[in-house]
Amino acid sequence: MADDKALTPRDDDFSAWYNEVVQRAELADHSPVRGSMVIRPWGYGIWERMQRALDDMFKATGHENAYFPLLIPMSFIEREKEHVEGFKPELAVVTHAGGKELEEPLVIRPTSETIIYSMYAKWVQSYRDLPVLMNQWANVMRWELRTRLFLRTSEFLWQEGHTAHATDAEAQEETLRMLDVYRTFMEEWIAMPVVTGLKSDSEKFAGAVRTYTCEAMMQDRRALQAGTSHNLGQNFSKQFGLTFQSEEGREEYAWNTSWGVSTRLVGGMVMTHGDDTGIVVPPRLAPAQVVVVPIYRKEEEREGVVAKAHLLRDQLVDRGVRVRVDDRDHLNPGAKFYEWERKGVPFRLEIGPRDLAKEQVVLVKRVTTEGEDRKAFLPEGQAVAELPDRLEAFQSQLLDVARARRETHSHRGVESLDELKEILDGPGGFVYTGWSGDPAVEERVKDETKATLRCIPDPDFRSEKAPTRCIGGGESKMEVMWAKAY
RNA sequence: CGGGGCGUGGCGCAGUUCGGUAGCGCGCCUGCUUUGGGAGCAGGAGGUCCCCGGUUCGAAUCCGGGCGCCCCGACCA
């Protein structure tokens with residue numbers, strides 16, 4: 001940030017651009033503790049919008065919120081073998097409290113499967129108690145070596161859904177249902193298209209039978225794992241004695257699922273829509289969808305335009321639009337324009353003496369496509385009446401652009417490792433190939449290309465023509481998608 | 001955990017080579033003039049120079065030790 005005005009352009013250094021834009025849009029800042037962040041009101045406002053939308057969707061699919069504690073007995077984490085192996089390296093552990101060393105160390109939750117299923121074990125006796133469909137909004141901690149605001153911090157905010165079912169089939173259905181909820185949310189709210197699919201064994205959640213993922217393409221063409229949904233099978237129920245008596249009177253282990261998305265989604269939004277001016281917030285997530293900037297020269301003019309600005313705000317609020325009036329007197333309009341553009345507000349309404357006289361406003365759109373006017377001079381009434389629709393159009397335009405970009409950088413039908421390497425070292429993007437299912441092949445591709453197997457795509461995302469050749473040679477059993485990832 | 005960079009008013013930095021009154025830009029405060037793309041002028045406030053120790057008449061600067069943060073590579077939502 002040598003210059004205190006312009007951002008590093010994305011093409012010069014995407015990573016530097018990201019770091020700058022997150023801070024200069026006042027989304028978040030580094031806290032004094034390494035790897036942890038402060039989420040500032042503008043960033044938290046976006047997260048709150050995400051939370052509300054997701055929460056509604058969880059409720060609509062029959063889930064209830066609950067809260068489980070931050071501290072988990074170390075022995076709980078150690079119960080499930082894969083789980084402990086996956087999380088041990090990144091655990092933060094409380095060893096002392098009340099001035100004494102604890103008999104058993106307490107882990108600050110990296111995720112809550114263990115504590116939750118141990119409690120479900122107490123609450124579930126009969127098939128009549130199933131399914132259990134809960135979600136919690138919480139903070140979790142994973143001690144990361146390398147951190148970046150929103151994308152990877154030691155502490156982050158998320159939701160984790162945890163369910164228990166009587167049958168495997170029901171658990172699988174739930175796993176896919178929630179994956180679909182995520183996909184819908186990401187597309188309709190963040191305007192961030194995703195590829196959904198199954199994780200390979202090496203990439204799946206520690207303790208899951210199957211992990212499904214939503215993979216989004218960022219503007220630097222790297223993949224961001226934006227959300228995951230796990231079919232946990234009976235792995236945890238067996239370790240925590242989560243059993244129930246079936247209709248037939250047999251004691252059986254319950255089938256579990258868990259699914260989560262985190263504040264990482266804010267980072268995904270930034271890297272999907274941001275430009276060299278700043279971030280772009282999709283209207284449905286924007287804490288302010290419209291900012292009204294009054295413009296005046298003389299004190300006599302001020303009163304009129306500021307009053308009009310507030311009037312316009314009230315009319316827009318009546319139509320369900322979130323509006324801010326920026327009537328700060330110590331900044332000139334240009335400074336305000338830059339600030340709100342940096343913060344990604346979808347529309348700006350300028351109202352000055354000339355507009356007042358003509359009963360019009362100047363409506364400025366944060367991003368435009370080829371041939372589209374950035375500014376519109378509209379009669380007041382028309383601007384107010386049209387803004388709800390214009391916001392929706394803006395929202396879907398963002399999705400269209402992001403989707404088109406992803407398609408441009410998706411490479412299908414790749415058959416050789418050389419070609420795969422060439423794409424990943426060059427333009428980058430999502431590369432679709434065949435795979436035998438052999439972990440050794442996956443490992444080799446990983447070593448040679450620095451890319452990972454992001455997922456085995458769901459039918460919606462598979463190529464028209466199924467690959468016949470495995471990327472490692474021999475016959476393909478399934479199509480897979482590779483990319484360099486965050 | 002390896003490599004690199006950096007710790008100096010709120011922020012960004014210069015000053016460190018070669019020790020000698022702690023500076024610049026932005027921001028902040030007051031006033032006036034401004035305000036349709038990052039305002040101008042005038043006045044002003046604000047500092048344990050990351051910490052500890054050493055050398056010296058004198059240390060931001062030299063020496064030793066520590067701490068912290070950021071960035072780049074192996075693990076992860």
Side-chain angles (χ1 to χ4, degrees), chain A residues 1-6 8 13 15-16 18-20 23-24 29-36 85-91 109-111 138-160 182 199 202-206 208 211 213-216 223-230 258-268 277-278 293-299 301-302 305-306 326-342 348-356 360-362 364 374-375 377 446-447 450 452 485-486:
Chain A
M1 254 186 280
D3 190 295
D4 27 77
K5 285 178 179 166
T8 298
D13 186 342
S15 173
Y18 179 82
N19 292 330
E20 289 172 22
Q23 293 212 38
R24 303 232 0 241
D29 204 347
H30 294 280
S31 94
V33 176
R34 199 174 89 84
S36 59
E85 276 171 21
F87 283 106
K88 199 96 192 217
E90 47 192 50
L91 293 181
R109 64 179 162 223
T111 179
N139 56 340
V140 288
M141 176 161 281
R142 300 178 187 179
W143 210 253
E144 300 289 351
L145 298 173
R146 226 181 124 205
T147 60
R148 306 192 62 193
L149 295 176
F150 290 112
L151 301 176
R152 180 166 301 108
T153 48
S154 315
E155 180 187 359
F156 57 90
L157 304 183
W158 78 343
Q159 59 66 219
E160 46 182 324
Y182 286 157
K199 284 289 189 187
S202 74
E203 298 279 335
K204 75 177 168 61
F205 175 75
T211 290
T213 180
C214 296
E215 299 285 326
L224 182 77
Q225 181 173 303
T228 46
S229 184
H230 316 289
S258 70
W259 25 275
V261 297
S262 71
T263 38
R264 171 180 261 196
L265 289 174
V266 178
T277 307
V293 179
I295 293 157
Y296 44 85
R297 288 170 185 279
K298 299 185 280 282
E299 196 54 34
E301 292 171 341
R302 180 168 178 232
V305 292
V306 170
D326 189 348
D327 55 4
R328 289 177 292 179
D329 196 33
H330 64 287
L331 294 177
N332 66 21
K336 296 176 185 177
F337 296 169
Y338 280 105
E339 179 174 332
W340 292 111
E341 283 171 11
R342 205 181 305 124
R348 173 173 77 239
L349 265 183
E350 301 174 15
I351 174 85
R354 293 205 292 269
D355 306 308
L356 213 54
Q360 66 163 30
V361 294
V362 182
V364 186
R374 209 163 88 87
K375 287 192 180 189
F377 299 82
K446 218 162 128 177
D447 285 348
K450 302 281 181 203
T452 48
Y486 275 93

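The chains referred to below are lettered A, B, ... by the order of the sequence lines, with proteins before strands, and numbering in each begins at 1. All values below were derived from every heavy atom in this structure, side-chain atoms included, with hydrogens, water molecules and symmetry-related copies excluded.
Contact check, A/His30 against B/C69: no side-chain N or O comes under 4.0 Å of OP1 or OP2. In this structure, A/Arg146 does not reach the B/C71 phosphate: none of its side-chain N or O atoms is under 4.0 Å from OP1 or OP2. In this structure, A/Arg297 reaches the B/U35 phosphate: one of its side-chain N or O atoms is under 4.0 Å from OP1 or OP2. Phosphate contact (OP1/OP2 of B/C71, side-chain N/O of A/Asn19, threshold under 4.0 Å): present. The phosphate of B/C71 (OP1 or OP2) has no side-chain N or O of A/Ser15 nearer than 4.0 angstrom. Distances shown here put every side-chain N or O of A/Lys450 at or beyond 4.0 Å from the OP1 or OP2 atom of B/G73.
Between A/Ser262 and A/Gly35, the residue anchored nearer the 5' end of RNA chain B, judged by the nucleotide with its closest heavy atom, is A/Gly35. Along RNA chain B, the nucleotide closest to A/His330 and the one closest to A/Arg152 are compared, and the more 5′ of them pairs with A/His330.
Taking atom C1' in both B/G9 and B/A60, one finds a spacing of 14 Å when rounded to whole Å.
Formation of a donor-acceptor pair under 3.5 Å by the A/Arg264 side chain with backbone atoms of A/Phe150 is not found in this model. Formation of a donor-acceptor pair under 3.5 Å by the A/Thr213 side chain with backbone atoms of A/Lys199 is not found in this model.
Residue-level contact check: A/Glu350 touches the bases, meaning some heavy atom is under 4.0 Å from a base atom. Using a 4.0 Å heavy-atom distance criterion, A/Leu151 is classed as a base contact. Within 4.0 Å of A/Glu160, counting heavy atoms only, lies no atom of the nucleic acid at all. A/Thr153 comes within contact range of at least one nucleobase, with a heavy-atom separation under 4.0 Å. Residue contacts for A/Arg148: at a heavy-atom cut-off of 4.0 Å it reaches no nucleic acid atom on any strand shown. Residue A/Arg302 is out of contact with every strand shown, counting any heavy-atom pair closer than 4.0 Å. Using a 4.0 Å heavy-atom distance criterion, A/Gly352 is classed as a base contact.
Shown here, B/C75 forms no base pair; nothing in the strands shown gives a Watson-Crick or G-U wobble contact with both key distances under 3.5 Å. Nucleotide B/G58 is matched to nothing when pairs are restricted to Watson-Crick or G-U wobble geometry with both distances under 3.5 angstrom. In this structure, B/U30 and B/A42 make a Watson-Crick or G-U wobble pair, each of the two defining distances being under 3.5 angstrom. Partner assigned to B/C49 is none, using Watson-Crick or G-U wobble distances below 3.5 angstrom. When Watson-Crick and G-U wobble pairs are counted only if both distances are under 3.5 Å, B/U17 pairs with no nucleotide at all. Searching all strands for a Watson-Crick or G-U wobble partner of B/G9 with both distances below 3.5 Å returns nothing.
The side chain to side chain contact (heavy atoms under 4.5 Å, CB included) search around A/Ala223 returns A/Glu215, A/Phe430, A/Arg454, A/Ala483, A/Ala485, not counting sequence neighbours. Applying the side chain to side chain contact (heavy atoms under 4.5 Å, CB included) rule to A/Arg328 yields the partners A/Asp326, A/His330, A/Leu331, A/Lys336, A/Glu339, A/Trp340; only residues at least two apart in sequence or on another chain are considered.
For the pair A/Arg152 and A/Tyr486, the cation-pi test (distance below 6.0 Å, angle within 45°) is failed.
Defined by atom type and a distance below 3.5 Å, a donor-acceptor pair is present between the side-chain atoms of A/Asp329 and A/Tyr296. For the 3.5 Å distance criterion, the side chains of A/Ser36 and A/Ser31 qualify, holding a donor opposite an acceptor. For the 3.5 Å distance criterion, the side chains of A/Glu341 and A/Thr277 fail to qualify, holding no donor opposite an acceptor.
Side-chain proximity of A/Val362 to the nucleotides B/U35, B/G36, B/A77 is greatest for B/G36. For A/Leu145, taking side-chain heavy atoms from C-beta onward, the closest of the listed nucleotides B/A77, B/A74, B/G38 is B/A74. The nucleotide whose nearest atom lies closest to any side-chain atom of A/Ile295 is, among B/A77, B/G36, B/U34, B/G36. Nearest nucleotide to the side chain of A/Tyr296, out of B/U35, B/C75, B/G36: B/U35.
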What nitrogen or oxygen pairs link the protein and nucleotides 6-10 of chain B at under 3.5 Å?
none

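Here A/Phe337 does not count as stacked on B/G38, because the ring centres are not under 5.5 angstrom apart with planes under 30°.
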**Message:** If you apply the rule side-chain contact (heavy atoms from CB on, under 4.5 Å), what do you find for A/Leu157 with A/Thr263, and how did you get there?
**Reply:** CA-CA 6 Å; A/Leu157 304 183; A/Thr263 38; 3.7 Å; yes

